[in-house]
**Student:** 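I am attaching a structure below and will ask some questions about it afterwards.
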Amino acid sequence: MADVDQGSAAPTESSPAMDSLNGIDTNGTDAAVNATVAKFVATPEGTALAYGSLVFMALLPIFFGALRSVSCSKSKSSSDMPETITSRDAARFPIIASCTLFGLYLFFKIFSEEYINLLLSMYFFVLGILALSHTLSPFMNRVVPASLPNKQYQLLFTQGTGESKEEIVNYEFDTRDLFCLAISTVVGVWYILKKHWVANNLFGLSFALNGVELLHLNNVSTGCILLGGLFVYDIFWVFGTNVMVTVAKSFEAPIKLVFPQDLLERGLNASNFAMLGLGDIVIPGIFIALLLRFDVSLKKNTRTYFYTSFLAYIFGLGLTIFVMHTYKHAQPALLYLVPACVGFPVVVALLKGELTDMFSYESSEEVLPHTPRLTHYPTVSGSPASLAASMQGPPSPPWRRRHTPTNM
């Protein structure tokens with residue numbers, strides 16, 4: 001997961017620090033002069049504003065994504081069906097993430113950043129529009145008066161004729177979805193043309209919220225495996241190498257939240273950013289969302305574990321920023337977030353005598369509560385909902401589902 005970084009230049013500008021990371025040779029005297037000119041010393045007010053804004057923005061997708069994950073887990077709509085992460089997925093994730101991270105590092109070393117970021121920008125342009133549209137949809141349904149006409153549409157692509165006709169795409173949407181898509185497209189064009197940090201954050205927040213909402217851990221043990229593996233991953237790639245910092249600063253895509261430390265001096269045109277990787281939001285966020293669903297399953301009208309883990313996240317992120325600011329070095333946020341987000345709820349469960357209940361809770365049972373309980377699932381991708389659907393009749397092909405962005 002990308003680390004918390006104290007200050008970086010604007011994505012479109014070059015700096016001696018970036019030159020050294022990318023292996024560009026510069027004259028020693030010129031580099032010293034440029035470093036003096038480019039060096040920006042943030043004021044205490046600007047630093048506090050930047051850090052406070054990052055913490056606030058990180059909390060938004062966790063809080064609202066966790067709330068939406070509860071309704072998502074109870075939804076019978078295929079468009080809102082969550083993706084369940086099993087213990088096997090959790091064990092493999094740090095290895096896959098490491099290969100992907102190192103691959104990106106090699107690409108940035110071998111090929112031109114300009115062309116790589118151009119391709120990535122177009123890819124995240126499409127994903128960002130879909131993610132932001134999905135994020136705005138519930139809000140739009142509440143704001144738009146029910147008296148306004150809301151027409152239903154269907155986008156259908158078929159292959160062949162007669163009895164051999166086969167559906168390729170069958171996408172259903174309505175007028176409100178189109179309005180959300182139009183707003184998201186405007187933000188996407190703004191991001192592509194200007195790479196403005198506000199547009200970047202709108203997409204980043206959407207990715208994070210969708211991730212917390214739609215990625216479900218099946219139990220607490222799986223969450224501990226995932227967070228433990230990424231705990232080691234984050235420490236190694238930040239402290240052991242310069243790979244994480246290099247990719248985070250070279251990667252021009254909305255995979256991180258940024259906030260300028262010179263906003264008070266330069267306004268919206270500020271260019272010296274503090275950043276927080278989306279992984280440091282989504283990974284603890286899906287664990288916090290799991291604990292909220294566990295709270296709901298207890299049926300005690302309390303949210304003890306959710307609020308405990310939520311406050312633990314605030315504590316861990318605050319500690320990360322404090323250490324980073326003290327030692328003037330980028331920090332792996334999961335180094336502080338994982339012990340806090342796992343340790344605090346476990347201690348509370350131990351004190352309340354509910355530790356066994358916590359670790360025996362299965363989130364996947366909440367997806368379809370009336371599905372007959374099975375002792376073993378066949379080897380299929382997806383959640384037990386897929387099996388339940390197949391028991392009721394012929395499974396509908398994946399392309400009949402409404403597309404919902406689930407990743408960053």
Side-chain angles (χ1 to χ4, degrees), residues 1-22 34-62 113 117 120-121 124-125 128 132 186-209 238 244-281 314 317-318 320-333 408:
M1 303 302 104
D3 49 56
V4 176
D5 193 18
Q6 184 174 7
S8 63
T12 56
E13 296 177 1
S14 179
S15 68
M18 287 296 297
D19 289 343
S20 63
L21 287 175
N22 294 318
N34 292 335
T36 303
V37 174
K39 185 175 179 62
F40 171 80
V41 179
T43 62
E45 295 81 5
T47 301
L49 178 62
Y51 291 160
S53 299
L54 283 179
V55 172
F56 178 73
M57 287 191 294
L59 296 178
L60 289 178
I62 292 178
E113 286 186 21
N117 282 318
L120 292 174
S121 295
F124 281 97
F125 167 74
L132 185 57
V186 172
V187 176
V189 173
W190 181 27
Y191 171 76
I192 285 290
L193 296 180
K194 299 295 185 180
K195 289 292 191 300
H196 199 276
W197 60 273
V198 174
N200 172 90
N201 287 347
L202 288 175
F203 276 172
L205 289 170
S206 299
F207 286 139
L209 189 144
V238 174
M244 179 79 78
V245 176
T246 302
V247 172
K249 291 184 176 181
S250 304
F251 202 90
E252 291 183 15
I255 60 167
K256 53 185 178 286
L257 299 181
V258 298
F259 199 89
Q261 300 181 67
D262 53 347
L263 179 69
L264 300 178
E265 291 81 10
R266 302 178 184 176
L268 292 178
N269 294 321
S271 59
N272 191 277
F273 296 99
M275 66 177 71
L276 175 66
L278 294 187
D280 300 325
I281 301 172
I314 297 175
L317 190 57
T320 305
I321 293 174
F322 172 77
V323 174
M324 180 199 66
H325 186 68
T326 301
Y327 293 97
K328 309 298 181 183
H329 188 280
Q331 296 294 313
M408 304 163 282

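Since the model is a prediction, treat every value here as computed from it, not as a measurement. The first residue in the sequence is number 1, and the count goes up from there.
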**Student:** Closest heavy-atom contact between A253 and F124?
**Tutor:**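 Between these two residues, the closest heavy atoms are CB-CD1, 3.6 Å.
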**Student:** Please examine the side chains of Y191 and L202, heavy atoms only from C-beta on, and report whether any two atoms are closer than 4.5 Å.
**Tutor:** no
**Student:** Is the shortest heavy-atom distance from the side chain of F259 to the side chain of L276 under 4.5 Å?
**Tutor:** no
**Student:** Within the 4.5 Å heavy-atom criterion, are N117 and L120 side-chain neighbours or not?
**Tutor:**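 Yes. Closest side-chain heavy atoms under 4.5 Å.
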**Student:** So, taking the atom named CD1 in I321 and the one named CD in Q331, what distance separates them when rounded to the nearest 0.5 Å?
**Tutor:**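 Interatomic distance, I321 CD1 to Q331 CD, rounded to 0.5 Å: 11.0 Å.
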**Student:** Quick check: closest heavy atoms across A274 and Y51, and the distance to 0.1 Å?
**Tutor:**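 Here A274 and Y51 meet closest at CB-CE2, 4.1 Å.
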**Student:** Distance from L49 atom CG to L54 atom CG, nearest 0.5 Å?
**Tutor:**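 The CG atom of L49 sits 9.5 Å away from the CG atom of L54.
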**Student:** List in chain and number order the residues that pass side chain to side chain donor-acceptor pair (under 3.5 Å) with S121, two or more places apart in sequence or in another chain; answer none if no residue qualifies.
**Tutor:** K195
**Student:** Under the side chain to side chain contact (heavy atoms under 4.5 Å, CB included) test, which residues partner L205, sequence neighbours left out?
**Tutor:** M57, P61, L257
**Student:** If you compare all heavy atoms of M324 against all heavy atoms of H329, which two are closest, and at what distance to 0.1 Å?
**Tutor:**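 The pair with the smallest heavy-atom distance is CG-O, 3.2 Å.
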**Student:** State, to 0.1 Å, how close S271 and R266 come at their nearest heavy-atom pair, and which atoms those are.
**Tutor:** OG-NH1, 3.1 Å
**Student:** What distance separates N200 CG from K256 NZ, expressed to the nearest 0.5 Å?
**Tutor:** 6.5 Å
**Student:** I need the minimum non-hydrogen distance between G204 and L278, along with the two atoms involved.
**Tutor:** O-CD2, 3.6 Å
**Student:** Measure the shortest side-chain to side-chain distance between W197 and F273 over non-hydrogen atoms and say whether it is less than 4.5 angstrom.
**Tutor:** yes
**Student:** Nearest 0.5 Å, what's the NE2-CG distance between H196 and N201?
**Tutor:** 10.0 Å
**Student:** At what distance, to the nearest 0.5 angstrom, does CG of L263 lie from CG of L268?
**Tutor:** 6.5 Å
**Student:** For residues A58 and L317, report the shortest heavy-atom separation together with the two atoms involved.
**Tutor:**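 It is CB-CD2, 4.0 Å.
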**Student:** Going by heavy atoms in the side chains, are D280 and T320 under 4.5 Å from each other?
**Tutor:** no
